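Note that the coordinates shown come from a computational prediction; the quantities given were computed from them, not determined experimentally. Per chain, numbering begins at 1; letters A, B, ... match sequence-line order.
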Number of protein chains: 2
Amino acid sequence: MDFSNAIRGIVRAWRAQGRRLTAPRRAVLEALARAGCRADARTVYRLARRMYPKTGLVTVYRTLELLVREGWAERWEEGGTARYELAQPHHHHLVCLGCGSVARWERCPIPVRRGTTVRGGFLVTGHRMELLGYCKACRQVRG
Amino acid sequence: MDFSNAIRGIVRAWRAQGRRLTAPRRAVLEALARAGCRADARTVYRLARRMYPKTGLVTVYRTLELLVREGWAERWEEGGTARYELAQPHHHHLVCLGCGSVARWERCPIPVRRGTTVRGGFLVTGHRMELLGYCKACRQVRG
DNA sequence: GTAGCTGCAAAGTATTTGCAATTAA
DNA sequence: TTAATTGCAAATACTTTGCAGCTAC
């Protein structure tokens, strides 16, 4: 996955909004892109510090929340921990009930389109889905 | 929604397993059924105490986790809070991005069946989905 | 009778907030 | 210059755990 386009887009939008492009923010962006699917704040923090060691955990939280609020990132919660990832390109997840691993799945089998209205007036603007099951490795162990 | 069948099933299964049907557990079951979609532990606690006032919050947590572990209930996490609901009958959710309300949606538009294998060996046994958008009330306010 | 269950209080963990210092533009 | 941003430390919120007493079976 190459997220350089996504990052460029975010940087451009932030510039246009008058937001400041600080070193910690750049580090969090880069870290989020490298972290893969559903990284928790601590993971992003650890990666961000490689790029800018003075980055603080609080700034990681604040930057991630900013990205979610503006739609650049998605937030998932699992086991009492928030997890984040870049939203684009659209994708879903395969969640293994055996080992807990989460894999990216770029197909989208959901036929409900944006702009559709369902169940008495609910306007659909998006969706999120996960397929639950067992990954190859766990299936081999369980037989 | 009538959950009396679900509750009867749970009680029967617990009996068969040798689990004890204590007053707090009955209260939590009943409370969960009455609470509707995605009730947090405190809501279940409050309702359970109406039926059995000595119910403790810790027991609520423990009973809910037991139900999730055995597949009777589903756990969702939102905003740092775990939310629970009875899993049967199968349904999805309409989540309003305006007011945060969550409505039950009994249709299932997902064509990926249990038992299917996707993406190099991942065996699908279930799924969860939510449609994001705006409820009728919020659409009227936003115009 | 006895294992399983309960509830209190304490501990653990994740996340948010107040605020003075810092810094990008 | 100056308002946005940062990071520390403290506060908050949710959930889990240790353990002694209780109770369904």
Side-chain angles (χ1 to χ4, degrees), chain A residues 10-32 35 38-46 48-49 51-70 72-84 100, chain B residues 10-32 35 38-70 72-84 100:
Chain A
I10 296 168
V11 168
R12 200 178 309 125
W14 279 357
R15 281 234 164 80
Q17 288 170 289
R19 286 202 191 288
R20 294 192 183 164
L21 283 163
T22 61
R25 277 191 179 162
R26 284 173 181 285
V28 170
L29 274 185
E30 191 60 40
L32 186 60
R38 303 213 196 174
D40 63 10
R42 280 214 120 70
T43 302
V44 175
Y45 175 59
R46 215 172 300 122
R49 285 178 82 104
M51 277 156 275
Y52 183 70
K54 281 189 258 172
T55 310
L57 182 57
V58 177
T59 296
V60 171
Y61 274 109
R62 282 192 281 228
T63 305
L64 291 173
E65 278 311 304
L66 177 63
L67 288 167
V68 170
R69 212 178 321 129
E70 298 186 340
W72 300 106
E74 267 184 52
R75 175 188 172 117
W76 294 82
E77 290 174 57
E78 272 175 64
T81 310
R83 289 164 183 281
Y84 301 85
Chain B
I10 296 168
V11 167
R12 201 179 307 127
W14 279 356
R15 281 231 165 79
Q17 290 170 287
R19 286 202 193 288
R20 295 195 182 160
L21 283 162
T22 61
R25 277 191 181 164
R26 284 173 182 286
V28 170
L29 274 185
E30 192 59 42
L32 187 60
R38 304 213 195 171
D40 64 11
R42 281 216 119 69
T43 302
V44 175
Y45 175 60
R46 216 172 299 122
L47 289 170
R49 285 178 84 102
R50 288 206 205 144
M51 278 156 274
Y52 183 70
K54 282 190 258 174
T55 311
L57 182 57
V58 176
T59 297
V60 171
Y61 275 109
R62 282 193 281 229
T63 306
L64 291 173
E65 277 311 303
L66 177 63
L67 288 166
V68 170
R69 212 177 321 128
E70 297 186 338
W72 300 105
E74 267 184 51
R75 176 188 171 118
W76 294 82
E77 290 174 55
E78 272 176 63
T81 311
R83 289 164 182 282
Y84 301 85

Tell me the interatomic distance from A:Glu78, atom CD, to C:dT15, atom C1', rounded to whole angstroms. 17 Å
What is the nucleic acid contact for B:Leu21, judged by heavy atoms within less than 4.0 Å: base, sugar-phosphate only, or nothing? sugar-phosphate
Chain B on DNA chain D: first and last contacting nucleotide, 5' to 3', under 4.0 Å to a heavy atom? D:dC14 to D:dC25
Looking at A:Tyr61, I'd like to know whether one of its side-chain N or O atoms comes within less than 4.0 Å of OP1 or OP2 on C:dT16. no
Measure the distance from CZ on A:Arg42 to P on C:dT16 and round it to the nearest whole Å. 13 Å
Between B:Thr81 and A:Lys54, who's closer to the 5' end of DNA chain D by nearest nucleotide? A:Lys54
Calculate the interatomic distance between A:Glu77 atom CD and C:dT16 atom P; express it in whole Å. 9 Å
For residues A:Arg19 and A:Leu66, report the shortest heavy-atom separation together with the two atoms involved. NH2-CD1, 3.4 Å
Atom CD of A:Gln17 and atom C1' of C:dA24: how far apart are they, to the nearest Å? 16 Å
Interatomic distance, B:Tyr52 OH vs C:dT6 C1' [rounded to whole Å]: 9 Å
To the nearest Å, how far apart are A:Tyr45 OH and C:dT16 P? 16 Å
Determine the sole option in A:Thr63, A:Leu29, A:Val60 for which the side chain to side chain contact (heavy atoms under 4.5 Å, CB included) test with A:Val44 is passed. A:Val60
Show the nearest heavy-atom pair for residues A:Glu78 and A:Arg38, with the distance to one decimal. OE2-NH1, 2.7 Å
Pairwise 5' ranking along DNA chain C for A:Tyr84 and A:Gly18, keeping only the more 5' one: A:Tyr84
Please report the closest heavy-atom contact between B:Ala48 and B:Ala27, naming both atoms and the distance. O-CB, 3.6 Å
B:Leu64 and B:Ala41 have their tightest heavy-atom pair at CD1-CA, 4.3 Å
Might you point out which heavy atoms bring A:Arg75 and A:Val68 nearest each other, and give the distance in Å? CB-CG2, 4.0 Å
Distance-only donor-acceptor test (3.5 Å): side chain B:Arg62, base C:dG7: yes
Compare side-chain N and O positions of B:Thr59 against OP1 and OP2 of C:dG7 and report whether any pair is under 4.0 Å apart. yes
Check: B:Glu74/B:Trp76 side-chain N/O donor and acceptor closer than 3.5 Å: yes
Nearest nucleotide by nearest heavy atom, which residue falls closer to the 5' end of DNA chain D, B:Arg83 or B:Ala23? B:Arg83
Return the value, rounded to whole Å, for the distance between atom CZ of B:Arg49 and atom P of C:dT6. 14 Å
So, OP1 or OP2 of C:dT6: does either fall under 4.0 Å of a side-chain N or O from B:Arg25? yes
